[in-house]
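Order of the sequence lines sets the chain letters (A, B, ...), proteins ahead of strands, with each chain counted from 1.
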There are 2 protein chains.
Amino acid sequence: MSGAFKDAAIRVERPAKTLRELALDKVREAIVNGYFRPGDRLVERDLCAQLGVSRTVVREVLRHLESEGLVANRPNKGPIVAQLDIEEAKQIYEIRGALEGMAARLCAERSSPEIVAALEEALTGIRNSYRDNDMAGVLANTSSFYQTLFTMVDRHVAWGVVNLLTVRINHLRSMTIKTERRGIEGPAQMSKIVDAIRRGDGEGAYRAAMEHVAAASAIAEAVLSAKKSAE
Amino acid sequence: MSGAFKDAAIRVERPAKTLRELALDKVREAIVNGYFRPGDRLVERDLCAQLGVSRTVVREVLRHLESEGLVANRPNKGPIVAQLDIEEAKQIYEIRGALEGMAARLCAERSSPEIVAALEEALTGIRNSYRDNDMAGVLANTSSFYQTLFTMVDRHVAWGVVNLLTVRINHLRSMTIKTERRGIEGPAQMSKIVDAIRRGDGEGAYRAAMEHVAAASAIAEAVLSAKKSAE
DNA sequence: AATCGTATTATGGCGTACCACACACTGTAG
DNA sequence: CTACAGTGTGTGGTACGCCATAATACGATT
C-alpha cells in the first residue's frame, strides 16, 4: 500500500454545496436566530429576490423546512414561519429528556477517560462563554456537549432527532440561557451528568440529564407564558 | 346565528390535497412496500412520467423524502432509495423503545378506562389480523396501537418522531411480524403493556414497552444479518 | 493491441415564463 | 350601509431550456 493514500485524508474536500443547500442554511439560520419571526409570511418571490436564487430552489427549501417543522404551510395561502405553542415546546423538552437521558446512561455504562475528557472540554467551553457573556457561544457549546454525549456512544440517529427538534425551540433556548442564575445552575447540572458518567453510574447519569432538561423546560414554560400574557 | 352553519359539520372536507402531497404519498408508499428497492435509482424524469406530474413536483417530493431519511442523495449522481444498515436499524428501535416506554408510563400514570379500552381495541385488531393471516392489517393495527398510546396522553410530537422513524424500518417490520411465533409473542407482550397500564403501574408499563421493542429489534437484527450473509 | 483522449449520453441543478386558482381588498352601485 | 364585481397578490402547477458533471462508448495514436 502506498501509505499516504490509504485513508482519504488528502481528499480535495469539495465545497460543492449546491445552491439549494446554501439557501436552505441561510433561511434556516434566518429563522432560528429571529430574522424571520414566528408568523411572518415567507413569500416565495420575495425570498427569490433576497436570496438571489430562482423559485425552484426556494420552493424546495420551503418544503424542506416544512418537514423540519420550522415552516407551516397554509393551503392556498402560503408558508409562514411556524409558531411554537407552549404545549409543543414542553413535548420537545420531554423527548429530549428521554433521549439525552438514554445517551447519558449509555455513556456511563461504557465510561472511559475519552468520553469524560470530551464532555469536560465542552463544559469548559460553556463556562467560558458564560464568563465572556457570549450567548451564541453558550448555545453552540451546549449543542456540542450533547452532540458529544450522543456520538461518543455512536447514537447518530438519536442525535439527529434531537438536533431536528432543537432547532424548533432555538429561540426559546436563547431566552432560557439568559435567565438569571442559569449561568451557574446550567453548568452545575451538566457537571452532575459528567460526574455520574465518570463513576459509571448509569441511573444517576440518566436522572441528571433528565433533571437538566426538566429545569430548562420549566424556565422555557415560564418565559413563554410570560411573553404570551404580555401580548 | 343561522343555526345549521354554526359548526363546520357540513364542511366539504377538503379534497384539497395538493398534487404534491398525493405524489409524496404515492412515492413513499412505493418505497415502504418495496416497489422501489433500497439502492434503486430514482430518476427524476422517469418519475415524472410514472406519476404524471412535472419535474418541479417530483423534485419537491424527493427533497421531502430525503429529509425523512427514505431517500439518499449522492452529490452529482442523484437520489437513490436509502439503504438501511443494521446499525441504524438498531438505533431506531432503541429510540422507539425510549419514546414508547415514556408514553406507556404516562398512560399508566393517568390510567383511565378510555385508555385501556382504546388500547384493547387495537390489540384485538392485531390478533384478528394475525388470525386472518392479514399481514398488512397487522402492521396497520400495530401502528394504531402505538398511536393510541401516544395520542391518549397528547404526545403528538413524540408520535410524529416515532412515525417518521418507523417508515424507515417498515420493510423490516413486515419481516419481523412474519416470524414464527411472533403472532403469539407480539400480542402477548403488548398485552403486558396494557395490563400494567390498567393497574396504573408506570414502571411496569415502561419496562413492558421496552421489552416489546427489544424483542422486535432482536428479530430484526437476526433477519437483517441473515439476509446480508445470503447475498 | 492496449491505452489514452474525446464525443456522446444521461441526468441532476437551476432558471424562466406562463397559466389557473384561491383569497383579500376595494370601490362602486343599489 | 350593504352587496357585489373587479383587481391585485401569491401559491400550485406545468413546460421548456440551459449548463455542469459523470459515465460510457468510440475512435485515434503509439
Please report the distance, rounded to the nearest Å, between CD in B/Glu44 and C1' in C/dC14. 11 Å
Could you give the CG-to-P distance, from A/Asp46 to D/dG10, as a whole number of Å? 6 Å
Just the rounded figure in Å: distance from P of D/dC18 to CZ of B/Arg45. 13 Å
Using the side-chain heavy atoms of B/Thr18, tell me which of these nucleotides is nearest: C/dG13, C/dG12, D/dG12. D/dG12
Hey, is A/Arg41 close enough to A/Asp46 for a salt bridge, meaning N to O under 4.0 Å? no
Counting only side-chain N and O atoms of A/Arg20, is one of them less than 4.0 Å from OP1 or OP2 of C/dG13? yes
Nearest to the B/Val53 side chain among C/dG12, D/dG10, D/dT14, which nucleotide is it? D/dT14
D/dG12 base to A/Arg55 side chain: any donor-acceptor pair below 3.5 Å? yes
Under 4.0 Å, counting only non-hydrogen atoms across every strand here, what does A/Leu47 touch: a base, just sugar-phosphate, or nothing? nothing
Between D/dT21, D/dG10, C/dC14, which nucleotide gets closest to the side-chain atoms of B/Asn76? D/dT21
Between A/Arg28 and A/Phe36, is NZ or CZ placed under 6.0 angstrom from the six-membered ring centre and within 45° of the ring axis? no
In whole Å, I'd like the distance from the CD atom of B/Glu21 to the P atom of D/dG13. 8 Å
Separation of A/Lys17 atom NZ from D/dA20 atom P, in whole Å? 22 Å
A/Thr18 and A/Glu21: side chain to side chain donor-acceptor pair (under 3.5 Å), yes or no, with the steps? CA-CA 5 Å; A/Thr18 65; A/Glu21 292 172 289; 3.2 Å; yes
Rounded interatomic separation in angstrom, taking CG from B/Leu19 and C1' from D/dT14: 10 Å
Phosphate oxygens OP1/OP2 of D/dA23: is one of them under 4.0 Å from a side-chain N or O of B/Lys77? yes
Could you tell me whether B/Leu62 contacts a base, only the sugar-phosphate backbone, or nothing, with contacts defined as non-hydrogen atoms closer than 4.0 Å? nothing
So, applying side-chain contact (heavy atoms from CB on, under 4.5 Å) with A/Phe150, which one of A/Val161, A/Asn163, A/Leu99 is it? A/Leu99
Heavy-atom side-chain contact between A/Val61 and A/Val53 under 4.5 Å: no
Base of D/dG10 paired with side chain of A/Arg41 (donor-acceptor, under 3.5 Å): no
Return the value, rounded to whole Å, for the distance between atom CG of B/Leu22 and atom C1' of D/dG12. 12 Å
From D/dT14, C/dG15, C/dT11, pick the nucleotide closest to the side chain of B/Val57? D/dT14
Would you say C/dG15 has OP1 or OP2 under 4.0 Å from some side-chain N or O of A/Arg59? no
Provide, to the nearest angstrom, the distance between the CG atom belonging to B/Leu51 and the P atom belonging to D/dT14. 11 Å
Contacts of B/Pro79 and A/Thr56 projected onto DNA chain C by closest heavy atom; the upstream (5') one is B/Pro79
